[in-house]
Amino acid sequence: MFDFSTPVNRYGTYCTQWDYVADRFGSDDLLPFTISDMDFAVAPCIQQALATRLAHGVFGYSRWNHHDFKSAITGWFSRRYHTEINSDHIVYGPSVIYIISQLVQQWTNEGDGVLVHTPAYDAFANMLNANQRQLLTSPLLKTANGYYEIDWLQFEAQAARVECKVLLLCSPQNPTGRVWTRAELTRMAQICQHHQVKVISDDIHMDMAFNEYIPWPAVAIDDNWALVSSGSKSFNIPALTGAYAVIADSQACECYLTQLKAAHGLSSPAILGVIGHIAAYNEGEEWLGSLKEYLQANLQYVAQQLEQAFPELNYQVPQGTYLAWIDLRPLNVDMDALQHLLINEYRVAIMRGDTYGVEGIGHVRLNVGCPRNKVEIGVQALVAALHQLVEY
């Protein structure tokens with residue numbers, strides 16, 4: 001019913017992934033598998049809602065704090081994740097990372113530590129550094145089955161440090177694609193409560209979970225948490241802007257809103273983002289279901305090709321996200337040489353793993369949120385480049 005296979009030309013649309021690929025890779029004419037947005041047109045219900053609003057023709061100051069926006073969010077969590085959200089605790093922000101940054105500033109002081117599972121989304125480290133906070137890492141352990149687990153002894157030792165004030169959780173985890181189990185989340189909640197560590201859960205990839213996704217409110221022990229999310233990944237609407245958070249503590253919620261509206265002057269949201277979210281969460285489930293099937297098939301294709309070419313990689317389809325996190329360390333390849341080949345000979349742009357911290361050295365992150373024919377080109381280029389570098 002929905003077409004995810006026909007390519008959409010994104011050139012000339014001020015698109016970060018396509019029009020500005022040279023910013024990171026030094027060349028314009030590359031096929032990009034980089035920043036985590038998708039090459040698909042948005043769901044028809046979103047297109048129709050935006051078209052209707054555009055046809056109105058007046059774009060004055062607007063509001064987000066109303067029943068339509070907040071009930072779309074509470075309804076989404078209730079229907080899909082069997083979690084009841086208090087609408088009075090929902091706040092708006094222009095982006096997920098903006099909200100996280102504001103909460104980090106609110107809940108910590110300069111020099112305090114924020115605990116993060118690594119490898120991690122690179123914006124976390126950049127944001128913490130800019131706010132003069134310490135990044136306390138909890139490196140994930142890769143198991144024999146190709147998945148990633150928490151090093152619980154190390155995690156709790158970091159949480160117990162006097163300077164550790166916040167756990168910045170990524171759920172599902174970017175870039176590894178881990179979807180945390182209820183038992184794992186419950187154990188994190190217990191450790192954080194014991195050591196008086198607040199929790200900010202970045203759940204922007206929640207709708208891209210192929211295993212069961214458990215929202216933080218379902219395991220929370222106290223009110224020292226916030227869940228931050230957006231429809232931007234699931235429905236490919238980041239350029240509309242807009243995100244939201246559920247802040248459990250009422251005083252923390254009011255403090256955030258004061259900063260948003262009074263300190264930063266963001267009382268009027270981008271109305272198309274608000275409308276896009278309402279349409280997505282109220283009418284977009286069927287489209288999202290079809291999209292997830294297509295993305296999982298793309299990831300399975302990547303796994304099949306890598307297993308055929310390099311079985312020693314033991315690459316596994318991730319439990320969530322449309323990002324293939326590929327550990328190339330068993331091949332012992334020169335990563336600089338690999339990037340040189342991919343860019344200069346095969347003309348593709350694939351993210352280096354060390355973008356996501358030292359734990360990402362020897363990895364690449366391949367975005368498969370695109371038509372299958374594009375995925376095929378990218379994977380074939382990666383395999384061919386690796387064959388050139390690997391000595392058998």
Side-chain angles (χ1 to χ4, degrees), residues 4-40 119 122 146 174-177 236 294-318 321-357 360-392:
F4 300 109
S5 295
T6 302
V8 178
N9 183 1
R10 299 182 69 187
Y11 282 119
T13 62
Y14 309 108
C15 167
T16 299
Q17 183 168 191
W18 289 78
D19 288 326
Y20 300 101
V21 68
D23 289 354
R24 193 185 293 263
F25 292 87
S27 180
D28 289 318
D29 187 22
L30 301 177
L31 189 66
F33 299 86
T34 56
I35 190 170
S36 57
D37 68 2
M38 297 183 285
D39 291 331
F40 308 124
D122 52 315
N174 174 11
T176 65
N236 206 33
Y294 192 91
L295 293 173
Q296 193 165 29
N298 277 353
L299 290 164
Q300 289 166 346
Y301 170 81
V302 174
Q304 292 163 0
Q305 295 301 304
L306 291 177
E307 175 65 21
Q308 181 177 329
F310 302 105
E312 61 268 47
L313 294 180
N314 190 28
Y315 172 75
Q316 303 296 320
V317 173
T321 81
Y322 47 82
L323 306 167
W325 181 245
I326 306 170
D327 183 356
L328 300 176
R329 290 175 297 174
L331 301 181
N332 196 31
V333 297
D334 183 323
M335 297 303 289
D336 291 332
L338 175 62
Q339 281 296 315
H340 181 82
L341 279 175
L342 290 172
I343 293 168
N344 295 288
E345 185 168 332
Y346 294 98
R347 309 303 296 168
V348 298
I350 300 174
M351 296 291 282
R352 295 176 62 116
D354 54 14
T355 303
Y356 310 99
I361 293 172
H363 297 67
V364 293
R365 194 191 79 168
L366 179 77
N367 177 354
V368 303
C370 55
R372 171 66 61 82
N373 65 339
K374 182 187 171 190
V375 176
E376 291 172 356
I377 294 170
V379 173
Q380 290 165 11
L382 177 61
V383 168
L386 288 171
H387 273 304
Q388 286 185 242
L389 296 172
V390 174
E391 295 181 2
Y392 285 101

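All of these numbers come straight from a predicted model, not from anything done at the bench.
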Distance in Å, Leu30 CG paired with Phe25 CZ, rounded so as to fall on 0.5 Å steps
8.0 Å
Exercise: identify the closest heavy-atom pair between Leu341 and Gln388
CD2-NE2, 3.8 Å
If we only count heavy atoms from C-beta on, is the Leu366 to Val379 side-chain gap below 4.5 Å?
yes
Minimum heavy-atom distance Tyr294-Phe4, with the two atoms named:
OH-O, 3.4 Å
Closest non-hydrogen contact found for Leu389 with Ala337 is CD2-CB, 3.9 Å
Enter the distance from Tyr20:OH to Thr34:OG1 here, rounded to the nearest 0.5 Å.
14.0 Å
For the OH atom of Tyr356 and the CG atom of Asn174, what is their distance to the nearest 0.5 Å?
6.5 Å
To the nearest 0.5 Å, what is the distance between CG (Leu306) and CD1 (Ile326)?
5.0 Å
Keeping Arg372 on the side-chain end and Ser5 on the backbone end, is there a donor-acceptor pair under 3.5 Å?
no
Count the heavy atoms of every other residue, nucleotide or ligand shown that sit under 6.0 Å from CG of Asn332, and state whether that count exceeds 12.
no
Testing the basics here: between Val375 and Cys370, what is the closest heavy-atom pair and its distance to 0.1 Å?
CG2-SG, 3.4 Å
Taking Leu313's backbone N and O only, do any of them form a donor-acceptor pair with Glu307's side chain (distance below 3.5 Å, no angle check)?
no
With a 3.5 Å distance limit and no angle check, can you tell me whether Asp327 reaches the backbone of His363 through a side-chain donor-acceptor pair?
no
Is there side-chain contact between Arg10 and Asp37, with heavy atoms separated by less than 4.5 Å?
yes
Roughly how far apart are Gln300 CD and Leu295 CG, rounded to 0.5 Å?
11.0 Å
Heavy-atom closest contact (Tyr346 atom, Ala384 atom, distance):
OH-CB, 3.4 Å
Euclidean distance, Phe310 CZ relative to Leu331 CG, rounded to 0.5 Å
5.5 Å
Heavy-atom count around Tyr14 OH within 6.0 Å, excluding the residue itself: above 12?
no
Could you pull out the closest heavy-atom pair between Pro119 and Trp325, with the gap in Å?
CG-CZ2, 3.7 Å
Check Arg365 with Asp122, please: is the shortest side-chain N to carboxylate O separation under 4.0 Å?
no
Set out, in order, the CA-CA distance, both residues' side-chain angles and the distance that settles side-chain contact (heavy atoms from CB on, under 4.5 Å) for Leu338 and Arg352, then state yes or no.
CA-CA 10 Å; Leu338 175 62; Arg352 295 176 62 116; over 6 Å; no
Have a look at Lys374 and tell me which of Asp39, Asn298, Asn367 forms a side chain to side chain donor-acceptor pair (under 3.5 Å) with it.
Asp39
